[in-house]
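I have placed the structure first, in the form of structure tokens, so that the comments after it can refer back to it.
No experiment lies behind these values; they were computed from the predicted model shown.
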Amino acid sequence: MKLTRIISLILAALMCLTFLASCAGGDEPIVITNSGNDTGSDEGFVDADYEQEDFTFLYIKHSDVGKDYYGGDYIYAETYTGDTISDAVYARNLAVEEKYNVKINQLLEVNGDPAALIQKKIMSGEFDHDVIYGWAYKLGACIPENFFADFNQLSNVDFTQDYWSPSAMEDLTINDKLYLCINDISMNKLEWADLIFYNKNIAEDYNINTEFGSFYDLVNDGKWTLDVFLKMVQSVSNDLNGDGIIGKDDVFGMLDGSANGSWAAACSDVQLTTKNDDGSYSLSFYNEKLLGIIDKIYPVYSNNKYVKDYDDIWSEGGVDGNGGYSDQWEYARSFFTTDHSLFCTGSAYITSEFRNMTSSYGIIPFPKYDENQENYYAGVSCLASIFALPATVRNDVSTAGMERTGTILEYMAYKSNEILLPDYYETLLKGQRLDTEEDSQMLDIIRSSVRYQFSATVGIESVGELLDNMFAKPTTATSTYKRSEKKLQKALDDYYSEVIMLDSKNNTTEK
């Protein structure tokens, strides 16, 4: 082992980590399968020697302008820097490199069109990566193009382990195939899960806790419902400057990126689509329950005395130059941090913007439909980056293949669960960005309730757009749905048929 590796291991020890290198030489990778994968130790993972060859993630970053929304630097770090997350990524990768005698690399491409990029690589024969990482709905739209392999083809993986997110697997499986996948190598499943922030100072000033009870008690007792939420929103409206209008500089109940509150469908357990017994998908959200939810939401969300969306904030001016904020979205959310809104929708990622907030804030899940609903639900943004496998094995590395990819991803996800997840979850979020133990408990609830929405994840955006239109105009919700129903069902059917046909295409190619 090289001296630099030894030094790196000593540094890692400061983080309470122990790495053991186990490498066997030879012309071909030596793989020995061990039984009984125990997440409490390294025992149970296969042994292999990949001869110092590269294992590369193709990271398709959407843009290099502004923040790295929906991606995150969870794949590669060059060295220890003192940054909590970067150091955890480096330590995790080092552990994988030491165990399998492999080099973890990242190929970064800034490209808003993954389909064109991947197609270009295929046509030019640039098979220079083992795993693809990019925005979920962009990659989902590429599945019918036969760009991706099925994760079920991997060797030496155990998808039942927590670090593979078994509940997410069901949402992402199409025709018993898993073309997109999320695991603990990336924190995006948690970082981009929906939640609600609330301003504790405004809650106190407007007697919210006195009237309704503690937010945390409401959640824990199963009483945090849509009706309670809407009553709270309507309890906060104050014309501070006395101009007779509730503007962005006054105080209001809700700041939301959505103009219509259509998120209420998913958190009320109304799914846009249902997977049928034969594996196909059907539209499933039009029912009396949904129409009732729309009727509850609309009177509140259409009244800007209580609710402001980002467009409201921007239309009132001041957004030029973003007021010293990194972008217009952060500028809009600043009206929560400066005590103008009781609630603000967001995700764990947004806590990075609240570090200098003077008032205290808390987090809670989106409300349930009613007290009879068993669970809270948190949708994961369809923009949050996710993993895919290239359909063609790279040709520039002699050890490349499904066996190597599975072996490395399994151990890397496990080590991420052991190293990166605690640093992100416990050190960064709970330790630095959340005020109380109760907030940490809320984060646990949110983490355990995540969902992926099929139509959004595979890029059929028109389904979500239809739902938005129904929330925007309740009186025509039924006719709006009926006009689009056949067209959208056909879009689902066509997508599924194209995925089904991949099997026959691949069988023909193999012959």
Side-chain angles (χ1 to χ4, degrees), residues 37 39 131-133 135-137 139-144 148-154 157-194 263 265-285 347 365-366 368-369 373-389 406 409-410 413-414 416-417 421 444-460 463-464 492-493 495-500 502-503:
N37 189 353
T39 58
V131 181
I132 301 168
Y133 181 64
W135 284 19
Y137 86 102
L139 296 186
C142 293
I143 291 175
F148 306 140
D150 178 12
F151 274 84
N152 292 306
Q153 296 177 12
L154 295 176
V157 296
D158 183 355
F159 290 132
T160 67
Q161 295 292 338
D162 287 343
Y163 47 78
W164 278 105
S165 305
S167 60
M169 295 295 186
E170 175 60 26
D171 294 337
L172 297 171
T173 295
I174 308 173
N175 187 35
D176 296 326
K177 302 291 193 305
L178 192 61
Y179 297 105
L180 300 179
C181 187
I182 191 66
N183 58 35
D184 284 345
I185 293 174
S186 167
M187 296 292 99
N188 275 345
K189 184 188 73 170
L190 174 60
E191 187 160 63
W192 289 104
D194 294 332
W263 53 259
C267 72
S268 298
D269 198 21
V270 175
Q271 292 297 294
L272 297 187
T273 60
T274 297
K275 187 182 295 187
N276 302 314
D277 291 339
D278 64 356
S280 63
Y281 293 84
S282 295
L283 293 173
S284 58
F285 61 90
S347 69
F366 275 83
K368 300 191 297 184
Y369 175 68
Q373 182 175 311
E374 183 176 356
N375 299 312
Y376 296 99
Y377 294 112
V380 179
S381 171
C382 65
L383 280 70
S385 289
I386 204 166
F387 297 109
L389 300 175
L409 287 182
E410 174 76 4
Y414 160 73
S416 226
N417 182 272
L421 179 63
D444 291 335
I445 291 172
I446 293 162
R447 183 184 173 217
S448 66
S449 63
V450 297
R451 277 183 170 178
Y452 284 85
Q453 184 63 255
F454 171 75
S455 58
T457 304
V458 301
I460 306 178
V463 177
L492 288 172
D493 293 341
Y495 184 93
Y496 183 71
S497 296
E498 290 175 357
V499 175
I500 289 288
L502 293 179
D503 283 340

Check whether [X] reaches the backbone of [Y] with its side chain - one donor and one acceptor, N or O, closer than 3.5 Å.
X: Asn152; Y: Asp176; answer: yes
X: Lys275; Y: Thr173; answer: yes
X: Ser381; Y: Leu383; answer: yes
X: Glu191; Y: Ser186; answer: no

If you measure from [atom1] on [X] to [atom2] on [Y], what distance do you get to the nearest 0.5 Å?
X: Asn183; Y: Asp162; atom1: CG; atom2: CG; value: 12.0 Å
X: Lys368; Y: Ser268; atom1: NZ; atom2: OG; value: 11.0 Å
X: Phe159; Y: Trp164; atom1: CZ; atom2: CH2; value: 5.0 Å
X: Asn175; Y: Ser497; atom1: CG; atom2: OG; value: 10.0 Å
X: Leu272; Y: Leu283; atom1: CG; atom2: CG; value: 8.5 Å
X: Phe366; Y: Ser449; atom1: CZ; atom2: OG; value: 11.0 Å

Just wondering, do [Y] and [X] contact through their side chains at under 4.5 Å, heavy atoms?
X: Tyr369; Y: Asp269; answer: no
X: Ile132; Y: Leu389; answer: no
X: Phe454; Y: Leu492; answer: yes
X: Asn375; Y: Arg451; answer: no
X: Trp263; Y: Asp194; answer: no
X: Leu502; Y: Ile143; answer: yes
X: Tyr163; Y: Ser416; answer: no
X: Leu178; Y: Leu172; answer: yes

What closest approach, in Å, do [X] and [Y] show between heavy atoms, and which atom pair accounts for it?
X: Ala149; Y: Tyr179; value: O-CD2, 3.9 Å
X: Glu498; Y: Pro144; value: OE1-CB, 3.2 Å
X: Trp192; Y: Ala384; value: CB-CB, 3.8 Å
X: Ala193; Y: Ser347; value: O-CB, 3.4 Å
X: Met169; Y: Ile182; value: CE-O, 4.2 Å
X: Gly406; Y: Leu154; value: N-CD2, 3.7 Å

*Are a donor atom and an acceptor atom from the side chains of Asn276 and Ser282 found within less than 3.5 Å of each other?*
yes
*Please check if any side-chain donor atom of Glu170 sits under 3.5 Å from a side-chain acceptor atom of Tyr452, or the reverse.*
no
_Given Phe387, which partner from the list Leu139, Leu409, Asn188, Ile185 fulfils the side-chain contact (heavy atoms from CB on, under 4.5 Å) test?_
Ile185
*Please name all residues satisfying ring-ring contact (aromatic ring centres under 6.0 Å, His included) with Tyr137, sequence neighbours left out, ordered by chain then number.*
none
